Q: 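I have a structure I would like to understand better, so I am pasting it below and will then ask my questions one at a time.
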Amino acid sequence: MQEIPIHFNHEEIEAQISEQWEKSRVFHAEIDKNKQPFSIVIPPPNVTGTLHLGHILDNVIQDAYLRWHRMRGFSAVWIPGTDHAGISTQNVVKKFLYKQGINPETLSREALLNKIWEFALNHKNIITTQLKKLGFSCDWERERFTLDEGLSLAVRTAFVRLFNKGLIYKGSRIVSWCSRCGTAFADEDLIHEKNSGLLWYIKYPFVDEQENIQDDGVVIATTRPETMLGDVAVAINPEDERYKTLKYTKCFLPLANRVIPIIKDNFVALDFGTGAVKITPAHDFTDYEVGKRHNLPIISIINKDGKIIEPAPAKYIGLDIMTARNVIVDDLVQQKFLVKIENYVNNITKCERCHNVIEPLISEQWFLKMRDLALRAKLTVEAKKIKIIPDSERNDFFHWVDNIRDWCISRQLVWGHQIPVYTCEKCDNLMAEIDTPQACSKCGHTKLRQETDVLDTWFSSALWPFSTLGWSKKTPELDFWFPTTTLFSGRDILFFWCTRMMVMALEFTDNIPFKTLVLHGLIRDEQGRKLSKSLGNYQDPLILFKEFGVDAVRATVISKYPLGRQDCKISNNDYKEGRALVTKLWNSCRFILTNLTAETKLVDFDKFKSSDNAIDKWIIAKLKQCVINHDNYLQAYNISQAFVELSAFFRGDFCDWFIEIIKPRLHSKNLVDKQQALMTAVYVMVQILKMFSLYIPYVTEKLWQLLQQTMDVKHEQFLLNTNWIEVDVPSANDICSAMLLNMNLVTKVREMRHLFGIEYKTKLNISIYSARDNLKKYQELEFVLNNTANAFITESLTSPKKQLAGYIPIALDVGFAYIKLDEGIVDIIEISKMLTKKIADNEKALLTCNKTLSNENYLQKAPANIVQEVKEKQKNLLANNATLRSYISIMEGNIIG
RNA sequence: GGGCGACUAGCUCAGUUGGCUAGAGCAUCGGCCUUACAAGCCGAGGGUCAAAGGUUCGAGCCCUUUGUCGCCCACCA
């Protein structure tokens, strides 16, 4: 048989297995109506950059569920793809062009688009290659891109239908504008940050009926003095005592030299500032609403470049916002309108993409009416037709629905889906058309102008679960795999993406986009910071793969999977754990492989599930328990626990106990016993490989192949295509409890070896005193003690030893074990210390028992079986301590004597 | 300001419907190159379950209040 190295070459194996998978198209899914459908769409990575740990987190869990369902006999598909990521990509490419000495502003729309396409396709390839390298079992033949032909058609179709339904409209509204990106944004695209700024108190003098400016005036407080140039009113609360007797209805706006009304509105807080608020409808969302309520004019004084414009006084025109602010404050001071300045912490709104401060301003944009659409999604989630995990996220979702505003869907970019609305140059007729119209539908004029704005990236993303399956056409895929089974997504894009998919799917398919939505947190560094290039805590996954291997990184990420928690912290040390696990798996399998000989190469190892050897039965029973627990955890989307459960079974029960215990049988002359031991090991190993293959597909696939080769089995199928584990064996509770007793005894014997410096190779003879049925358990599984502690039971007692000469006593839960010593190595003081400590431990437990049992209420109200258990425990502890005390007095006698 | 979540060993986290002396991994300390694995094995130490109160025979778990941290939302300029 071939030599198998201790440490495997992960890069080599990854490449080799990856190639095999790709060649044989194993990830490709065909519709199989005899099976239940299972479908996932990938959250499409942005073509802006390359994959990062967040993507790995996202996709590792998807791959696990896909592989799990595939093995469980579902017709499972995973649709991969990428997102054009409008603003991000355009920004990145622009920066890139600047670096190359090209000014993107000088390029034509077409030329810029070509540059972006080139960049995007390049990154799309990189991402695809990375996803493949990670072993994700996506159906690459169904790969999609949000700007590909089919998806573009879907976008146009969706737009036109919404437009024709009157849900999309164009309007001049106040929008969040980023002057650096040069486009409007939706509410969800913004971030809010705490900002230490100043609060300026400015006096607006009163104006009487005859338009005379008075000496006194109303003092307003503002964080943005420059916007006063666009003020159209001052608002006060009608309930405010301070202004109840106010006789003036107008005031003078300094610097702008206008007279503006004083209005009354309940929105003004009574306990903030002076109780008077300046109203700037053109540059503040609240003020915009107030302006609408009171029919106030809108005066825009800031343009899209963030510069002051007319009708502001000439002096300020052309200044940028911060400069204007300084000049205006100076002028206010000079003209004695500035009352005071306070330090103030407020929230500042920034562009999520470029972190520039957002300027609310009036602009013509396209909007989607969201209220009714969102309401339908709300009812669907309320009716639990879509399950959201964790449950607490439902509240966030409902909050989003309840506070929904119309969605600004137009972006002033070139990269994206150009809005399919055409204006007749002759009669100004607006037409939304899926295909470019040849003539005006009203007047027949042939000169038409398409909108230059593109749609918000999330508009196409919102269609993703069904557009990728062929919508707007009626396809068999849509029929079979839609709605998708589960969507796995980061919690951070719940509002951007998940909610909008619900809205769009319900509108266009009359169906939910996914049955279950699973949200997870983010990966952070060991200090809990977000991973970012600027912080320098960002690990390039490629470097991690090179150092630790894909499987190790996947194992680490999955074991930390932050479901139902905040975020998870991962440090470099954690990857070592992942790698250690993979290596352990490799070596345990290597051990089995090297033990397979001609007479143990049996094809039908399945039948060795029914070996009647006790330890074989035990490991099979533990395997069964592991599979059940593992599957239950997965079913509950508690994926890290599923993985931890499996790892614990593998490392503990299988490696540390089972393999160690069967070693002598592998050299046994009894061929049947040898075969049984090995085949049980192979059988359990294969099931372990199957379970691990959900998470660490490469090493498991490779080991599966090695096992098959070594056993001369030609299954010609991949591990990922095998069936999931059947757990049809009896539970074997007796053996499990007997093993538990023996394992505890082994640990105690080992501890005594440490304590008294007895080498492992020194064979130990043990006397055991315990209850009769326990004694049997020790006797029947004595080989456990033999093989893992090099100890042998030479005596079974029905009562504790009276004298300790030549023995080390071990207190068991019920009874005692005694290690027989050779003369001269008894350390009485050590033993005495040990016994004293044990007595103290027991006393502690006894105290609890006594307290509980002396409580009359407890005896009356607690369930009988629990009371009985405590009584039993108390009895054992008392007996145990009585014996221990007698030993102590013997010891003391010996010491004194 | 509102909502949600977290707080358990030095660190990262488990802990099902309340019921054995509260667990795991890492880290620490100690012992082993024992024939799969030193990227390993064996063993030990380490916790007033954030605080206080309440319900209960019994609370890490349920209720109330407080504190700290995190996230989301928000029209106090």
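All figures in this text were calculated on a predicted structure; none of them were measured in a lab.
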Q: Taking the side chain of A:E751 as heavy atoms from C-beta outward, which of B:G19, B:U12, B:G43 is closest to it?
A: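 The answer is B:G43.
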Q: Out of B:C72, B:C76, B:C75, which has the shortest distance to the side chain of A:A269?
A: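 Among B:C72, B:C76, B:C75, the one nearest the side chain of A:A269 is B:C76.
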Q: Could you measure between the two C1' atoms, the one in B:G23 and the one in B:G60, and give it in whole Å?
A: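 The answer is 12 Å between these two C1' atoms.
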Q: Is there a side-chain polar atom (N or O) of A:K663 under 4.0 Å from OP1 or OP2 of B:U34?
A: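 Negative; the distance criterion is not met.
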Q: Whole angstrom is fine here: how far is it from NZ in A:K278 over to P in B:A77?
A: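 That distance rounds to 12 Å.
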Q: Side chain of A:A862: nearest nucleotide among B:C75, B:G19, B:C37?
A: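 Of all the options, the side chain of A:A862 is nearest to B:G19.
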Q: Between B:A24 and B:G45, how far apart are the two P atoms, rounded to whole Å?
A: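 Those two atoms are separated by 12 Å.
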Q: Side chains of A:K278 and A:T280: do they bring a donor and an acceptor to under 3.5 Å?
A: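 Yes, because at least one side-chain N or O of A:K278 sits under 3.5 Å from a partner of the opposite role on A:T280.
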Q: Please determine if a side-chain N or O atom of A:R579 lies less than 4.0 Å away from the OP1 or OP2 oxygen of B:A39.
A: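 No, no such contact exists.
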Q: Assign A:F285 to base, sugar-phosphate, or nothing according to its heavy-atom contacts below 4.0 angstrom with the strands shown.
A: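 No contact.
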Q: Tell me which nucleotide, if any, is Watson-Crick or G-U wobble paired with B:C26 when both distances must be under 3.5 Å.
A: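 The answer is B:G10, by the H-bond criterion.
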Q: When the C1' atoms of B:G58 and B:A22 are considered, how many whole Å apart are they?
A: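 Roughly 15 Å separates the two C1' atoms.
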Q: Whole-Å distance between B:A36 C1' and A:L593 CG?
A: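 Roughly 10 Å, once rounded to whole Å.
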Q: Using atom C1' in both nucleotides, what's the gap between B:U17 and B:C61 to the nearest angstrom?
A: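 Per the computed distance, 11 Å lies between those C1' atoms.
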Q: Using a 4.0 Å heavy-atom cut-off across all strands, classify A:L877 as base, sugar-phosphate, or nothing.
A: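 Since a base atom lies under 4.0 Å of A:L877, the category is base.
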Q: Side chain of A:D656 only, please: which of B:A77, B:U12, B:C41 is the nearest?
A: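 Between B:A77, B:U12, B:C41, the one nearest the side chain of A:D656 would be B:C41.
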Q: Roughly how many Å is it from CH2 in A:W400 to C1' in B:A74, rounded to a whole number?
A: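 Rounded to whole Å, this separation is 17 Å.
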Q: Pick base, sugar-phosphate or nothing for A:T280, based on heavy-atom distances below 4.0 Å to the nucleic acid.
A: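 Nothing, no heavy atom under 4.0 Å.
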Q: Check the distance between B:A77's P and A:K340's NZ and give it to me in whole angstrom.
A: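 For the pair A:K340 NZ and B:A77 P, the rounded distance is 15 Å.
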Q: Starting at the 5' end of RNA chain B, which residue's closest nucleotide do you reach first, A:C589 or A:R750?
A: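 Looking at the nearest nucleotide for each, A:C589 comes out on the 5' side.
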Q: Provide the distance between the two C1' atoms, one in B:U56 and one in B:A74, to the nearest whole Å.
A: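 Their C1' atoms lie roughly 41 Å apart.
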Q: Base, sugar-phosphate or nothing for A:K837? Non-hydrogen atoms, less than 4.0 Å.
A: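 It contacts sugar-phosphate atoms only.
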Q: Is there a donor in the side chain of A:Y204 and an acceptor in the side chain of A:D231, or the other way round, less than 3.5 Å apart?
A: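 A donor-acceptor contact under 3.5 Å links the two side chains.
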Q: Can you tell which of B:C72, B:A74, B:A77 lies closest to the side chain of A:F495?
A: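 Nearest listed nucleotide: B:C72.
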Q: Need one value for A:V870: base, sugar-phosphate or nothing, where a base atom within 4.0 Å counts as base even if backbone is also close, heavy atoms only.
A: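 Answer is nothing: A:V870 stays at 4.0 Å or more from every strand.
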Q: What is the distance from CG of A:L585 to P of B:C37, rounded to the nearest Å?
A: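 Answer to the nearest Å: 15 Å.
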Q: Using a heavy-atom cut-off of 4.0 Å across all strands, would you classify A:E856 as base, sugar-phosphate, or nothing?
A: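 Nothing, no heavy atom under 4.0 Å.
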Q: Go ahead and name the base partner of B:U56; Watson-Crick or wobble counts if both distances stay under 3.5 Å, otherwise write none.
A: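 Across any shown strand, B:U56 pairs with none.
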Q: Counting only side-chain heavy atoms from C-beta out, which of B:A39, B:A36, B:G31 sits nearest to A:H754?
A: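 That would be B:G31.
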Q: Take the protein atom CD of A:Q641 and the nucleotide atom P of B:U16, then report the distance between them rounded to whole Å.
A: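 Rounded to the whole Å, the gap is 11 Å.
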Q: Report the distance from atom CD1 of A:I493 to atom P of B:C71, rounded to the nearest whole Å.
A: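 Result: 18 Å.
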Q: Over all heavy atoms of both residues, which pair between A:L585 and A:L703 is shortest? Give the atoms and the distance, please.
A: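 Closest heavy-atom pair between A:L585 and A:L703: O-CD1, 3.9 Å.
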Q: Classify the nucleic acid contact of A:A580 as base, sugar-phosphate or nothing, counting any heavy atom under 4.0 Å across all strands shown.
A: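 Answer is sugar-phosphate: A:A580 comes under 4.0 Å of backbone atoms only.
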Q: Answer yes or no: is there a side-chain heavy-atom contact under 4.5 Å between A:I558 and A:S640?
A: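 Sidechains of A:S640 and A:I558: no contact.
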Q: Name the pairing partner of B:C71, where a pair is Watson-Crick or G-U wobble with both distances under 3.5 Å, or state none.
A: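 Pairing partner: B:G3.
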Q: Spell out yes or no: do the side chain of A:E577 and the base of B:A39 have one donor N/O and one acceptor N/O closer than 3.5 Å?
A: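 Between B:A39 and A:E577, which were checked side chain against base, a qualifying N/O pair under 3.5 Å is absent.
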Q: At 4.0 Å (heavy atoms only), tell me whether A:K844 reaches a base, stays on the sugar-phosphate, or touches nothing.
A: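 Contact class for A:K844: none.
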Q: Using a cut-off of 4.0 Å on non-hydrogen atoms, how would the nucleic acid contact of A:I6 be classed: base, sugar-phosphate, or nothing?
A: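 Here A:I6 touches the backbone only, sparing every base.
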Q: Can you list the steps and then say if A:I819 with A:F756 is a side chain to side chain contact (heavy atoms under 4.5 Å, CB included)?
A: CA-CA 11 Å; A:I819 299 174; A:F756 296 101; over 6 Å; no
Q: Does B:U35 have a Watson-Crick or wobble partner in any strand here, with both distances under 3.5 angstrom, and which is it?
A: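 Matched B:U35 with nothing under the 3.5 Å cut-off.
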Q: In whole angstrom, what separates A:I758's CD1 from B:C42's P?
A: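 Rounded to whole Å, this separation is 19 Å.
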Q: Classify the ring geometry between A:W400 and A:F495 as parallel (under 30°), tilted (30 to 60°) or perpendicular (over 60°).
A: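 The arrangement is parallel - the two ring planes meet at less than 30°.
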Q: Could you tell me which non-hydrogen atom of A:A677 sits nearest to which non-hydrogen atom of A:I662, and how far apart they are?
A: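 Answer, listing the atom of A:A677 first, then A:I662: O-CD1, 4.0 Å.
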Q: If the cut-off is 4.0 Å, is A:K761 near the phosphate of B:C32, judged by side-chain N/O to OP1 or OP2?
A: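 Looking at the OP1 and OP2 atoms of B:C32, neither is under 4.0 Å from any side-chain N or O of A:K761.
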Q: When the C1' atoms of B:C20 and B:C26 are considered, how many whole Å apart are they?
A: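 Here B:C20 and B:C26 have their C1' atoms 28 Å from each other.
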Q: Quick one: does NZ or CZ of A:K340 land under 6.0 Å from the six-membered ring centre of A:Y201, within 45 degrees of the ring axis?
A: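 Geometry flag: set, cation within 6.0 Å and 45°.
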Q: Between A:N347 and A:N842, just flag the one whose closest nucleotide in RNA chain B comes earlier from the 5' side.
A: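 Nearest nucleotide further toward 5': that of A:N842.
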Q: For B:C76 and A:T286 - does any side-chain N or O of the residue sit under 4.0 Å from the phosphate oxygens OP1/OP2?
A: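 It does not, given that no N or O in the side chain of A:T286 lies less than 4.0 Å from OP1 or OP2 of B:C76.
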Q: Classify A:R394 by what it touches in the nucleic acid, base, sugar-phosphate, or nothing, heavy-atom distance under 4.0 Å.
A: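 It contacts nothing in the nucleic acid.
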Q: Which value, in whole Å, describes the distance between the C1' atoms of nucleotides B:A6 and B:A50?
A: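 So the two C1' atoms sit 11 Å from each other.
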Q: For the side chain of A:F591, starting at C-beta, report the closest nucleotide among B:A39, B:C57, B:A36.
A: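 For A:F591, the side-chain atoms sit closest to B:A36.
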Q: Using a cut-off of 4.0 Å on non-hydrogen atoms, how would the nucleic acid contact of A:T583 be classed: base, sugar-phosphate, or nothing?
A: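 Result for A:T583 = base.
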Q: For the residue pair A:F8 and A:H10, does the interplanar ring angle fall in the parallel (under 30°), tilted (30 to 60°) or perpendicular (over 60°) class?
A: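 A:F8 vs A:H10 ring planes: perpendicular.
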Q: Just checking A:S588: base, sugar-phosphate only, or nothing, at a heavy-atom cut-off of under 4.0 Å?
A: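 The answer is base, as A:S588 lies within the cut-off (heavy atoms under 4.0 Å) of a base atom.
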Q: Sticking with atom C1', work out how far B:C37 lies from B:A44, rounded to a whole angstrom.
A: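 To the nearest whole Å, 23 Å.
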